[in-house]
Amino acid sequence: MASGGVIRGWGTALPEKVLTNDDLSAMMDTNDEWITERTGIKRRHIGGTTSSLSIESARKALAMSGLPLESIDGLVLSTTTPDRTVPATSASVQDALGLRCGAFDLNAACSGFVYAYVVAHGLLAIGAKRLLVIGTDTLSRITDWSDRGTAILFADGSGACVVEAVDNGGQLLGWDIDADGSLERLLYADVGGYIHMDGKEVFRRAVRIMVDSAQKSLAKAGVSTDDVALCVPHQANARIIDAACRQLGIPLERTAVVLHETGNTSSASIPLALFDAADRGRLRNGDLVLMVGFGAGMTAASAVIEWRQP
Ligand code: UT7
């Protein structure tokens, strides 16, 4: 499949303020042992706005790409937590970065970054040349800090990349996006309200949803899990990641996990894990990477990409 884009530069951003499991224990009836055992999370970063974190990660991505600002012809910001209802947060980000290009927000919850990356390839297929793709969430703003069922999980962060069109096929080999709106009640936040979640039911479905989506992308790419050098799953819960990777037959040594440091940052989750792996030199030219996420909606998204060094 010739999908025509390659990541040229990337960047991430996390708020300075760190909230540890012990900090949470002082706020509600929970403890480090329970949170670590049930989720894998040890600490998370809280603060900032969706625009400020997006601007920070995007500046790094643009600088790394070395591309002139005027060459960027589109900005897609995946977020569930826009700064305002109107206009889209991408408008503020575009202005602060000094870009003049199409800009829009996309909300597919925790599957959002992969959705945005796939949508960007749709734009490349119809003539766009260089796109900024950002995944940012500030879930701390819609978290009920007295609800131990959600407050232990959610946090803030951002990841961004520049995707550039190339002539001879791109790095995207297979993709899948899906949603089942009938499951809306399992995970939602009303306008101005907090996140409500049926954690057990989301957990139960998450593994199957991730495995199904990953298998569809792998089949479209014509590869198997043995060919995957690195799996980058949504950073929701270490037990969900373990179970999904076990079912897919991908050992944990070939899986990117940062959730012990970040918590669940929704749209930022997959880019934070992917670019952490890239920054640590875990990816080499030609490596196949499987990104796979799930989230409210209930959405799912996955993509198999061939890593190419910028
Ligand atoms: O991006 C997608 C976002 N959502 C998710 O990925 C959520 C998926 N679900 C989960 O990650 C897990 O369901 C949770 C981490 C939310 C909960 O873990 P669990 O293993 O499903 O726990 P549980 O709700 O079955 O609760 C087990 C016990 C209960 O006590 P009893 O009834 O056994 O006495 C809870 O009251 O643990 C208790 N409990 C807690 N204890 C200490 C629930 N939350 C806590 C807590 N600290 N924070």
Side-chain angles (χ1 to χ4, degrees), residues 7 9-24 27 32 35-36 39-65 75-83 89-90 92-93 96-97 105 109-114 116-117 132-143 145 150-162 195 230 232-238 241 255-283 291 293 295:
I7 292 175
W10 61 82
T12 59
L14 290 168
E16 263 174 44
K17 184 176 175 188
V18 173
L19 204 59
T20 65
N21 290 348
D22 287 336
D23 293 333
L24 286 172
M27 295 160 61
D32 175 48
I35 302 172
T36 305
T39 72
I41 299 167
K42 295 297 283 183
R43 56 190 71 81
R44 68 285 288 145
H45 295 250
I46 303 290
T49 61
T50 292
S51 55
S52 67
L53 292 170
S54 300
I55 292 161
E56 191 182 335
S57 65
R59 278 205 175 114
K60 292 176 189 167
L62 286 163
M64 184 178 179
S65 76
L75 187 172
V76 192
L77 169 60
S78 158
T79 188
T80 315
T81 46
D83 288 351
T89 305
S90 51
S92 317
V93 175
L97 293 172
D105 287 8
C110 306
S111 310
F113 179 79
V114 180
Y117 180 79
L132 187 54
V133 180
I134 311 174
T136 306
D137 265 305
T138 45
L139 291 179
S140 67
R141 291 190 299 114
I142 59 166
T143 297
W145 290 100
T150 52
I152 55 155
L153 298 173
F154 298 126
D156 308 335
S158 177
C161 61
V162 177
I195 299 173
L230 190 73
V232 185
H234 171 39
Q235 309 287 303
N237 184 316
I241 294 176
T255 304
V257 180
V258 295
L259 92 175
H260 49 285
E261 294 291 335
T262 64
N264 179 346
T265 56
S266 193
S267 293
S269 148
I270 286 179
L272 284 174
L274 174 64
F275 301 137
D276 174 78
D279 287 338
R280 286 173 192 274
R282 285 183 76 184
L283 291 170
M291 299 187 275

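- Between the CG atom in Asp32 and the CD1 atom in Ile152 there is a gap of 11.0 Å [rounded to 0.5 Å].
- Note: Trp10 and Phe275 have parallel aromatic rings, judged against thresholds of 30 and 60 degrees for the angle between ring planes.
- Residues Ala273 and Ala256 share a closest heavy-atom pair of O-CB, 3.9 Å.
- Minimum heavy-atom separation, Phe154 to Arg44: O-CG, 4.1 Å.
- Rounding to the nearest 0.5 angstrom, the gap separating the CG atom in Leu139 from the CD1 atom in Ile195 is 5.0 Å.
- Residues Val76 and Ala116 approach most closely at CG1-CB, 3.9 Å, considering heavy atoms.
- Screening Thr50, Thr80, Ile46 for a side-chain contact (heavy atoms from CB on, under 4.5 Å) involving Thr138 leaves a single residue, Thr50.
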Dump the intermediate steps for side-chain contact (heavy atoms from CB on, under 4.5 Å) on Leu272 and Leu14, then the final yes or no.
CA-CA 9 Å; Leu272 284 174; Leu14 290 168; 3.8 Å; yes

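- For the pair Ile35 and Arg43, the minimum side-chain heavy-atom distance is 4.5 Å or more.
- Atom-to-atom distance recorded for Thr136:OG1 and Glu56:CD is 10.0 Å, nearest 0.5 angstrom.
- Looking at Tyr117 and Leu274, their side chains never come closer than 4.5 Å, going by heavy atoms from C-beta outward.
- With contacts defined as side-chain heavy-atom distances shorter than 4.5 Å, the pair Lys17/His45 does not qualify.
- When every heavy atom of Ala61 is checked against every heavy atom of Cys161, the shortest pair comes out as CB-CA, 4.0 Å.
- Checking each of Ser269, Ser78, Ser267, Ser158 against Asp137 for a side-chain hydrogen bond (donor to acceptor under 3.5 Å, both in side chains) leaves exactly one that passes, namely Ser267.
- At a threshold of 4.5 Å between non-hydrogen side-chain atoms, the residues Gln235 and Ile41 do not count as touching.
- Nearest approach of Gly47 to Asp156, heavy atoms of both residues: N-OD2, 2.7 Å.
- No donor-acceptor contact under 3.5 angstrom links the side chains of Ser92 and Ser51, judged on distance only.
- The structure places CD1 of Ile55 at 6.5 Å from OG1 of Thr49, a figure rounded to the nearest 0.5 Å.
- Panel note: side chain Thr262, backbone Val258; a donor-acceptor pair is recorded below 3.5 Å.
- Heavy-atom minimum distance, Leu53 versus Gly157: CD1-N, 3.9 Å.
- Expressed to the nearest 0.5 Å, how far CD1 of Ile270 lies from SG of Cys110 amounts to 9.0 Å.
- Side-chain contact between Thr12 and Asp276 is absent, with no heavy-atom pair separated by less than 4.5 Å.
- By the 4.5 Å heavy-atom criterion applied to side chains, Leu97 and Leu132 are counted as neighbours.
- Annotation: side chain to side chain donor-acceptor pair (under 3.5 Å) contacts of Ser90 (sequence neighbours excluded): Asp105.
- Leu153 CG to Thr265 OG1: the interatomic distance, rounded to the nearest 0.5 Å, is 12.0 Å.
- For Lys42 and Thr36, the side-chain atoms include at least one donor-acceptor pair closer than 3.5 Å.
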